[in-house]
Amino acid sequence: MDRKVECDVLVIGSGAGGLSAAVTAARHGLEVIVAEKDALFGGTTARSGGWLWIPNHPMQREIGVSDSLEEASTYLLDQAGEKFDPERVNAFLVNGPRMVEFFMRETAVRFDPSATFSDYHPDAPGGKPGGRSIVARAFDGRELGAMLAKLRPPLPELTVFGIMIGSGAELVHFMRWSKSLESAAFVARRLLGHGVAKLVHGRGVRLTNGNALAGRLLKSAMDCGVQLWASSPARELERRDGAVCGAILERDGGRLRVAARRGVVLACGGFPQDRERRGRRFPHREHHSPAPESNTGDGLRLATAVGAIIDESLPNAAAWVPVSRVPRAEGGFGLFPHFIDRAKPGVIAVTKKGTRFVNEGNSYHDFIQALLAAGETSAWLVTDHRAIRAYGLGFVKPRPLPLGAHLASGYLRRGATVSGLARATGIDAAALQASVAEYNRHAARGEDPAFGKGSTAYNRFYGDPDIAPNPCVAPLARPPYYAVEVLVGDLGTYDGIVTNGNAQVLDANKRPIAGLYAAGNDALSIMGGNYPGPGITLGPAMTFGWLAGRHLAGGA
């Protein structure tokens, strides 16, 4: 006979969407259980950059940024096009700032703003050159106590000696540690602190970016009495009189019925590791996702079984990102998402045919869209000795760290000449030489007439301010030359469960399925298959998680 427990709200999944719903419901007096399929909490959020895109957030005034609901709505209309959903977009834009105020007032969650982190298309109608994105403040993992061991760690490939590097000033210090005594001292202190934490706690305790967000949400859930169950996958939703009233979980080696008096929230992280659905919806065969292996579309399957609709009509089924495969010492490969290096001066991207295809400084989503439009699924980032020693390239770190291990593993390719690099990579030699020569001819003046690299505020955010007149453009002129191959990956899926402005799941007649909600990447993206700015997955995830929690508690 199945065991049975009861609660007010059952949340399935423990990323930002799920934990936001759980904390909100619990803070409104409800009894909440979070059931996580994996042995670790935090989902993809714990591996992310930790940024949220929230127009009109309450910290904009203190950083001198002017914004409005109308401007943000205009921007999303431009970005989403025919997939613009007025009800859900309005719910997000109106309630995003309220969600931020709630979490900063009522929980352990804290955010810091950025005046300069640009929308990804700042020159589009309603776009902004900065100010709409906020990031989770660094967090002392020791506040989690024993639960720290249950928090999913960051991707190893995005750490330096195992250290999570925060955004803003901290990132600048790590990028300039060989150029500045102040930065070198900062990095030395971080290394020492990390070493001590490893000895005492078995891992770093200064959490930044997405790990800080997941850690802060986990602490908030603990503080308000949410029951946190790991290794408890949901197998089936239960209904009574047409309403979802709980679920059947696998837990402690058996079946467990969880009766949820108010309802169930699906927040299982979308389908980045569901190979069958990927095969139907992705336009390419080879795909590499840094998402947890457990994100296999459980929420979508559970919802479909009770009459929900999955929208698979978006022009892009996921948020694309170029990734490189990093050989690991213990065998196998890790994945390195390329966010920053592409914008640096002295870095270009070419296909195996040797031709450029994109403004390398554009967003990762735009980069992959251009690659797929060129009929390719892989590209090479090409640079010279000056640039790789100044900025690194992918998983390769800048001076004074050596290049030898990366060359020996095959991750990094090198050639004494451009044609030599072509031979080392399999790129068409004549075309690569022509592409580099054409790029260099204009780069000497800081220009890129072919693709306009450095032409937007977003491009320049990741450039080198010491390079003039264009912080994103410099010639590839100092041999030897280097290259790293990038492939198609994702930062989360966009297709998802159709919901309304309260995060309620809808049936085929666009009516709410009583007792069922969806948040995070399980829910259909409000971005219409586009990627408008930094944090456009986590911003809506926390906002609609908050809305779900409030609605479950009877809030307006």
Side-chain angles (χ1 to χ4, degrees), residues 8-9 11 14-32 34 41-42 45 50-65 67-69 72 90-115 131-144 147 166-168 207-226 228 262 265 267 501-503 517 519-520 535 538-556:
D8 291 318
V9 176
V11 177
S14 67
L19 288 176
S20 296
V23 170
T24 304
R27 291 294 295 176
H28 283 80
L30 301 185
E31 182 184 356
V32 182
V34 171
F41 295 102
T45 299
W51 287 89
L52 285 72
W53 193 75
I54 305 286
N56 300 294
H57 64 75
M59 291 169 282
Q60 279 189 330
R61 181 174 297 177
E62 67 187 59
I63 58 174
V65 171
D67 202 356
S68 69
L69 182 66
N90 187 66
F92 166 64
L93 294 178
V94 168
N95 290 290
R98 298 173 66 197
M99 176 275 294
V100 172
E101 291 175 342
F102 168 84
F103 276 97
M104 292 188 70
R105 181 183 67 246
E106 302 284 343
T107 78
V109 176
R110 297 291 181 270
F111 297 110
D112 291 317
S114 170
R132 284 174 168 164
S133 293
I134 57 178
V135 67
R137 187 175 297 169
F139 179 60
D140 187 342
R142 290 172 294 186
E143 293 190 34
L144 293 173
M147 189 60 77
S167 302
L207 313 183
T208 63
N209 299 339
N211 222 237
L213 180 60
R216 287 183 175 278
L217 284 168
L218 202 58
K219 177 65 164 58
S220 302
M222 295 163 61
D223 288 345
C224 56
V226 173
L228 297 162
R262 297 291 183 97
V265 180
N502 290 316
Y517 299 75
L538 289 178
M542 286 194 66
T543 301
F544 285 106
W546 180 76
L547 283 166
R550 280 174 51 84
H551 198 264
L552 281 157

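Starting from 1, each residue takes its place in the sequence as its number. Side chains included, hydrogens not; waters and symmetry mates left out as well; all remaining heavy atoms used.
At least one donor-acceptor pair under 3.5 Å links the side chain of Asn56 to the backbone N or O of Ser68. Looking at Arg110, its side chain does come within 3.5 Å of a backbone N or O of Met104 through a donor-acceptor pair. Side-chain atoms of Asn95 come within 3.5 Å of backbone atoms of Ala91 as a donor-acceptor pair (strictly under, hydrogens ignored). Judged by distance alone, with hydrogens and angles left aside, the side-chain atoms of Arg27 form no donor-acceptor pair with the main-chain N or O of Ser220 at under 3.5 Å. A donor-acceptor contact shorter than 3.5 Å is absent between the side chain of Ser133 and the backbone of Trp53. Put simply, the side chain of Gln60 never gets that close to the backbone of Pro55: no donor and acceptor are under 3.5 Å apart. Judged by distance alone, with hydrogens and angles left aside, the side-chain atoms of Thr543 form no donor-acceptor pair with the main-chain N or O of Phe92 at under 3.5 Å.
Between Ala26 and Val226, the closest heavy-atom pair is CB-CG2, 3.7 Å. The two atoms that bring Gly18 and Val11 nearest to each other are O-CG1, 3.4 Å, heavy atoms only. Residues Gly42 and Ser14 come closest through the heavy atom pair N-OG, 3.0 Å. In plain terms, the two heavy atoms of Arg216 and Ala138 that are nearest each other are NH2-O, 2.8 Å. Val32 and Ala25 get closest at one heavy-atom pair: CG2-CB, 3.8 Å. Pairing each heavy atom of Glu62 with each of Pro113, the nearest pair is OE2-CG, 4.1 Å.
In this structure the side chain of Leu228 reaches within 4.5 angstrom of the side chain of Leu218, judged on heavy atoms. When side chains are defined from C-beta on, Leu552 counts as touching Val265, because their heavy atoms get closer than 4.5 Å. Side-chain contact between Phe41 and Met147: present, with at least one pair of heavy atoms (C-beta onward) separated by less than 4.5 Å.
Using the six-membered ring where Trp is involved, Trp546 and Phe102 have ring planes that are tilted, between 30° and 60° apart.
Taking CZ of Arg98 as the start and CZ of Arg105 as the end, the distance is 10.0 Å to the nearest 0.5 Å. Interatomic distance, CZ of Phe103 versus CG of Leu217, reported as 6.0 Å (0.5 Å rounding). With rounding to the nearest 0.5 Å, the separation of OG1 in Thr24 from CG in Leu19 is 10.0 Å. Note that CG of Leu213 and CZ of Phe139 are 11.0 Å apart. Values are rounded to the nearest 0.5 Å. Rounding to the nearest 0.5 Å gives a distance of 4.0 Å between CZ of Arg132 and CG of Asp67. Between the CE atom of Met542 and the CG atom of Leu52 there is a distance of 6.0 Å, given to the nearest 0.5 Å.
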From CA spacing to verdict: side chain to side chain contact (heavy atoms under 4.5 Å, CB included), Phe111, His57: CA-CA 10 Å; Phe111 297 110; His57 64 75; over 6 Å; no
